[in-house]
Engineer: 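Please read through the structure below; I'll follow up with questions.
For the single chain, residues carry numbers from 1 onward in sequence order. The figures here come from the full heavy-atom set of this structure, side chains too, leaving out hydrogens, waters and symmetry mates.
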Amino acid sequence: MTIESSNIQNPRNGNCNDKDVKTITQKNIYQIKEDYCLKLKSKLGELSESEVSRDGTLMKFEKKKCVFVKTEKNFHLIRNLELKVGVGLIQSTEEIKKNVTLAISQNESLVSSLKAVLKSAKDAKAAFANLRDSANKLEAGMNDSCSSGQLKILGCSNDNCNESENQKDNLQLPGECQDACRILAKLVEKPVDFCLEIDIIGNSAADIIGIHSFSNIKSLEKFQQDFSSNAKTFDDLILTQVTNATAGLKKAQEELTLATKIKMQSEHLLYNKRNELEALVEVKDYLCCHKCNCIDADCGCNESNPDENNRFKKCKCDICDICKEVTEIYCIRDNEGGANCD
């Protein structure tokens, strides 16, 4: 017989010639039988109650187990979400913050450099304008007829009337003045080129500063702060859920543990009730339909010469056999087959 089941059925009310009660012993046995029948009914009710209780505790155990499994699954999902997303997201915000700070710092350096370039371009443009004015004055002076003598001395005269004389004069010029005509021409031409080039440089620098001002890279700082704040809010929510899930998992485990204990208690209680009922059923069956000749109506007590000494002999022998069997249960046998039953 196991804890889960037994062969007990509804106890039968065995009436073995109850109407033919003749001896005092049979009357006493009949009364004891009636008491056992009442106990049987009571134990049968207790057994039914234990079975219902066991079914209820088993159902509760299954529900608690299901709750625990689902709670554990939810806990693992939230915990994995924190490990895979939350932690990485918070670290990403730190890295983005570093990159944005570096980008803003480099942007400020670039702005300073562009402003310095533009300022230098403006200063150069003003200087080139002065140089162009001087070049214009130089050109006007060279075109003035009053300067023809000086130009002739330098060999820069355009008068071809006396070319041989001019060549003779050129041969007598000092070494420093040999390239005077070309230098004067460059001093007149180059300021114009410088002014055109510095206009291009200045306009390009101004355009770059304008484009850069529209890019507004500093706005990334506000975006990064908002992103970091939202990421922290999301991670805090996950951590709160992890805390709640941990507490819920612990509570579900405690409830499952308690339900398991109650279930085992109900199963053992049911097992004990079945044993008690089986014992009572066996006693009842023995009392209702006994086979002991010493209390049987045909035991020979009504004979003319009843042997009182032999009336309970068989019962005595049966009891002695039981006692002998019980005492030998705890015998310690040696290797030679002997027994020590102290």
Engineer: Under the rule for salt bridge (charged side-chain N to carboxylate O under 4.0 Å, His left out), what residues qualify as partners of D123, not counting sequence neighbours?
Structural biologist: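 D123: salt bridge (charged side-chain N to carboxylate O under 4.0 Å, His left out) contacts with K119.
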Engineer: Determine whether a donor-acceptor pair (N or O, by modelled atom type, separation under 3.5 Å) exists between the side chain of T233 and the backbone of S229.
Structural biologist: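 Between the backbone of S229 and the side chain of T233 there is a qualifying donor-acceptor contact (under 3.5 Å).
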Engineer: Among N275, L269, L277, find the one that has a side-chain contact (heavy atoms from CB on, under 4.5 Å) with K273.
Structural biologist: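 Only one of N275, L269, L277 forms a side-chain contact (heavy atoms from CB on, under 4.5 Å) with K273, namely L269.
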Engineer: A side-chain contact here means heavy atoms from C-beta on lying under 4.5 Å apart; do F234 and L239 qualify?
Structural biologist: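 No, side chains not in contact.
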Engineer: Should V85 and V242 be counted in the same cluster of Ile, Leu, Val, Met, Phe, Trp and Tyr side chains packed under 4.5 Å apart?
Structural biologist: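 V85 and V242: one cluster.
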Engineer: Do you know the tightest heavy-atom contact between I201 and A121?
Structural biologist: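 Closest approach of I201 to A121: CG2-CB, 4.3 Å.
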Engineer: Just to verify, what does F194 make a ring pair (Phe, Tyr, Trp, His ring centres under 6.0 Å) with, not counting sequence neighbours?
Structural biologist: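 Only F128 meet the ring pair (Phe, Tyr, Trp, His ring centres under 6.0 Å) criterion with F194.
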Engineer: Which side-chain N or O atoms in residues 95-104 pair as donor and acceptor under 3.5 Å with protein atoms at least two apart or in another chain?
Structural biologist:
| residue | atom | partner | partner atom | Å |
| --- | --- | --- | --- | --- |
| E95 | OE2 | Q91 | NE2 | 3.1 |
| N99 | ND2 | E95 | O | 3.4 |
| T101 | OG1 | K97 | O | 2.7 |

Engineer: Holding to salt bridge (charged side-chain N to carboxylate O under 4.0 Å, His left out), I want the full list of residues that pass it with E255, two or more places apart in sequence or in another chain.
Structural biologist: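 With neighbours one apart ignored, the set is K64.
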Engineer: Please report the closest heavy-atom contact between I78 and A245, naming both atoms and the distance.
Structural biologist: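 Closest heavy-atom pair between I78 and A245: CD1-CB, 4.2 Å.
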Engineer: Got a second to check how far E62's CD is from C66's SG, nearest 0.5 Å?
Structural biologist: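 Output value for this atom pair is 9.0 Å.
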Engineer: Is E267 salt-bridged to R54, going by a charged N under 4.0 Å from an acidic O?
Structural biologist: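 Result for this pair is no, no salt bridge flagged.
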Engineer: Heavy atoms, side chains only, cut-off 4.5 Å: are L256 and F61 in contact?
Structural biologist: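 In contact.
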Engineer: What residue pairs, at least two apart or across chains, pass side chain to side chain donor-acceptor pair (under 3.5 Å) with a residue in residues 234-254?
Structural biologist: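 Non-adjacent pairs meeting side chain to side chain donor-acceptor pair (under 3.5 Å): K232-D236.
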Engineer: Can you check salt bridge (Lys or Arg N to Asp or Glu O under 4.0 Å) on R274 and E51, steps first, answer last?
Structural biologist: CA-CA 10 Å; R274 284 172 176 164; E51 289 176 346; 3.7 Å; yes
Engineer: Under a single-linkage definition using a 4.5 Å side-chain heavy-atom cutoff for Ile, Leu, Val, Met, Phe, Trp and Tyr, are L77 and L237 assigned to the same hydrophobic cluster?
Structural biologist: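 As far as the 4.5 Å side-chain criterion goes, L237 and L77 are not connected within one cluster.
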Engineer: Using the salt bridge (Lys or Arg N to Asp or Glu O under 4.0 Å) rule, take K222 and D226 through it: C-alpha gap first, then chi angles, then the decisive distance, then the call.
Structural biologist: CA-CA 6 Å; K222 180 65 169 59; D226 294 340; 2.8 Å; yes
Engineer: Got a sec, which hydrophobics cluster with I208, joining ILVMFWY side chains under 4.5 Å apart, including via others?
Structural biologist: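 Via sub-4.5 Å side-chain contacts, I208 links to L110, L114, L118, I209.
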